[in-house]
Amino acid sequence: MTSTLTPQPVERAKPARTGAAPRRRTRVLALPEARWATAATAFFLIALPLQLTGAPAWTWGPLYALSYVTGGWEPGWEGLKALKERTLDVDLLMVVAALGAASIGQVMDGALLIVIFATSGALEALATARTADSVRGLLDLAPATATRLTPDGGEQTVPVEELAVGDTVLVRPGERVGADGRVLDGASDVDQATITGEPLPAAKEPGDEVFAGTLNGTGALRVRVERDASDSVIARIVRMVEEASETKAPTQLFIEKVEQRYSLGMVVATLAVFLVPLAFGEQLTDALLRAMTFMIVASPCAVVLATMPPLLSAIANAGRHGVLVKSAVVMERLGQVDAVALDKTGTLTEGSPRVTDLRPLPGSGLDEAELLTLAAAAERPSEHPLARAVVDAARERGLDLPGAEDFTSAPGVGVTAVVNGRGVAVGAPPRLLDGTGSTVTAVADELERSGRTAVLVLVDGAPAGLLGIADRLRPDAAATVAALTTLTGTGPTLLTGDNPRAAAHLAAEAGIDDVRAGLLPQDKLTAVQEMERAGRKVLVVGDGVNDAPALAAAHTGVAMGRAGSDLALETADAVIVRDELAAVPTTVALSRRARGLVVQNLVIAGVFIAGLVVWDLAGNLPLPLGVAGHEGSTVLVGLNGLRLLRETAWQRAAAEGTG
């Protein structure tokens with residue numbers, strides 16, 4: 001008798017992140033950029049209402065001046081250093097434009113420009129600092145000390161840095177493995193999710209490899225060290241994240257790509273507007289006024305606002321729907337992706353094992369409910385993830401579980417207990433069968449081929465049935481894969497550390513053809529780098545420490561937020577806070593809409609700037625009219641960009657993502 005369980009979804013508390021490192025976060029105000037930006041904003045916000053309510057200039061003028069100094073000195077200084085190296089950047093141009101505005105009485109406009117740029121710089125510095133924090137914190141996954149066994153059988157507690165290749169260490173139940181090595185003696189289940197992303201602990205016995213930072217289960221292991229601490233998998237992940245972040249192509253907004261030409265052209269044009277008429281005999285005051293008018297109407301304020309409001313509005317809209325996009329650059333880059341790489345466990349799947357199949361064996365006299373009741377009663381005292389999955393399945397069906405007596409647990413084998421006077425054993429079929437039972441083996445093989453983990457139940461020493469356990473696909477996974485395929489024109493690639501059989505089965509359910517399984521973190525990184533070298537702009541979606549190098553190296557990285565590791569959350573460019581996978585294609589579609597509005601705004605700003613500049617050069621543009629035209633274009637493009645704040649913008653993006 002066969003069935004596939006389809007229980008109703010159960011709201012679960014967020015599991016503790018056993019693999020997460022303690023957080024060491026840089027405080028916002030510990031960054032000088034944040035302190036200067038805060039001061040500039042505070043002075044501006046105090047001065048603005050004073051000016052608008054008609055207070056004397058001596059009350060608000062000094063406050064604006066302080067806003068200029070606190071917010072503008074750092075970008076101005078960086079711009080001067082760039083100028084020393086014979087390059088111009090937008091930072092220096094913004095400071096010059098702000099000072100130019102102030103010189104002809106537009107003090108508030110210049111201060112606002114300074115505040116915008118200071119705040120942007122502070123946010124960038126904070127993002128950089130937080131990523132560095134998370135990379136350093138990753139080293140805390142590995143324990144500080146280990147128990148080294150001496151040749152005479154004694155024990156020494158030593159720092160892991162002192163372990164040498166060939167040393168033997170003792171890893172007790174519940175401890176983290178101190179070094180990469182190979183098991184010499186003992187048996188246990190080791191949680192390797194931080195390294196491989198596998199949802200279930202891996203059984204370890206003599207000859208098996210273990211990794212530093214992974215969590216030992218209920219058995220004791222003697223491990224021979226095979227790598228120095230500086231060359232462990234955890235240490236290599238740290239180096240890969242740092243290197244990938246450093247070598248990632250510099251990210252720039254669209255307008256910054258023409259920064260040098262625009263900056264140089266504006267400076268040269270302003271000087272020409274001032275010097276040429278002066279050379280032909282025009283009065284100094286008139287020439288200076290024309291040049292200052294030119295600087296105002298040609299300044300990139302409208303161009304900057306043409307770029308930022310659509311992107312910031314899209315960020316705010318995405319945030320309301322549970323997607324944290326970390327910067328305007330990221331929002332722009334999301335719309336450029338043309339290839340997607342997905343992690344399996346915790347990304348395409350729910351990240352926790354569930355009972356999917358019940359197979360009572362003929363002749364056992366048990367139905368599905370009785371089989372599950374006996375197995376769950378025996379497993380209830382166990383802390384193993386498979387045991388919790390069995391107990392959860394029984395509770396979801398509303399089964400009453402009797403008490404268990406004489407409970408014992410054998411690492412790598414299973415559990416035994418007495419339930420209602422019957423001896424019940426639950427565990428791995430090969431360990432419980434001792435090579436007998438062809439019918440059981442056939443059913444177990446069938447479950448394994450379908451991507452399940454087979455669990456055998458013995459009652460009074462005789463096989464009674466098998467349970468199939470698997471990490472269940474998210475309900476929206478298949479629709480998300482189809483939507484990403486539509487948006488990018490290419491089917492996503494599955495990158496997972498899980499075994500090939502389980503990966504292939506799940507990929508088939510989700511509609512993914514390109515499957516790469518059994519990957520360590522460096523293998524995922526290599527796969528993403530190969531796609532990038534082939535000219536693809538890759539979006540990586542993951543949640544674990546093992547995904548962090550790939551997230552850092554990708555064109556854009558997105559982390560699943562609910563159970564994501566701290567390193568993945570900090571390394572990623574965006575975080576799906578509500579853990580809704582369908583939000584990924586919607587955010588990509590929203591980014592493309594934002595980029596479309598950016599282009600619209602640049603056209604509007606360009607038309608206004610060109611018209612005002614021609615008027616100023618060919619005629620006699622009054623300064624107030626020039627300022628009004630300049631500010632009018634700024635307001636127009638700003639309002640156009642704010643359209644993406646509306647709820648309908650997200651709904652349309654969702655429709656595009658699924659259409």
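Both backbone and side-chain heavy atoms feed into the values below; hydrogens, waters and symmetry mates do not.
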Do we see a donor-acceptor contact under 3.5 Å between the side chains of Thr488 and Asp338?
no
Is a side-chain N or O of Arg395 found less than 3.5 angstrom from the main chain of Val390, in a donor-acceptor match?
no
Give a yes or no on whether Asp514 atom CG has more than 12 heavy-atom contacts from other residues, nucleotides or ligands under 6.0 Å away.
yes
Give the minimum heavy-atom separation between Pro360 and Leu366, together with the two atoms involved.
CB-O, 3.5 Å
Charged N to carboxylate O below 4.0 Å: is that the case for Arg224 and Glu209?
no
Quick one: side chain to side chain contact (heavy atoms under 4.5 Å, CB included) partners of Glu155, sequence neighbours excluded?
Thr147, Leu149, Leu170, Arg172
What one should report as the nearest heavy-atom pair of Ile512 and Leu348 is CD1-CD1, 3.6 Å
Does Glu368 pair with Arg397 as a salt bridge, N-O distance under 4.0 Å?
yes
Enclosure of Asp400 CG (heavy-atom neighbours >12, cutoff 6.0 Å):
no
Answer yes or no: is there a side-chain heavy-atom contact under 4.5 Å between His555 and Leu334?
no
Which residues share a side chain to side chain donor-acceptor pair (under 3.5 Å) with Thr408, sequence neighbours left out
Thr416
Tightest non-hydrogen contact, residues Pro585 and Leu581, listed as CD-O, 3.6 Å
Minimal non-hydrogen separation, Arg182 against Glu226, with atom names:
NE-OE2, 3.2 Å
SB check Arg516 Asp523 (cutoff 4.0 Å)
no
Would Val169 and Val225 count as a side-chain contact (heavy atoms from CB on, under 4.5 Å) here? Give the steps.
CA-CA 7 Å; Val169 296; Val225 178; 4.1 Å; yes
On a heavy-atom basis, which atom in Ala517 and which in Pro500 lie closest, and how many Å separate them?
CB-CA, 3.5 Å
Using distance alone, with no hydrogens and no angle criterion, decide if Arg472 and Thr356 have a side-chain donor and acceptor under 3.5 Å apart.
no
Report yes or no: does Arg501 contribute a side-chain atom to a donor-acceptor pair with the main-chain N or O of Glu448 at less than 3.5 Å?
yes
A side-chain contact here means heavy atoms from C-beta on lying under 4.5 Å apart; do Ile576 and Val584 qualify?
yes
Is the backbone of Val183 close enough, under 3.5 Å, to the side chain of Asp208 for a donor and an acceptor to pair up by distance?
no
Partners of Thr349 by side chain to side chain donor-acceptor pair (under 3.5 Å), sequence neighbours excluded?
Asp471
Heavy-atom side-chain contact between Thr145 and Val160 under 4.5 Å:
no
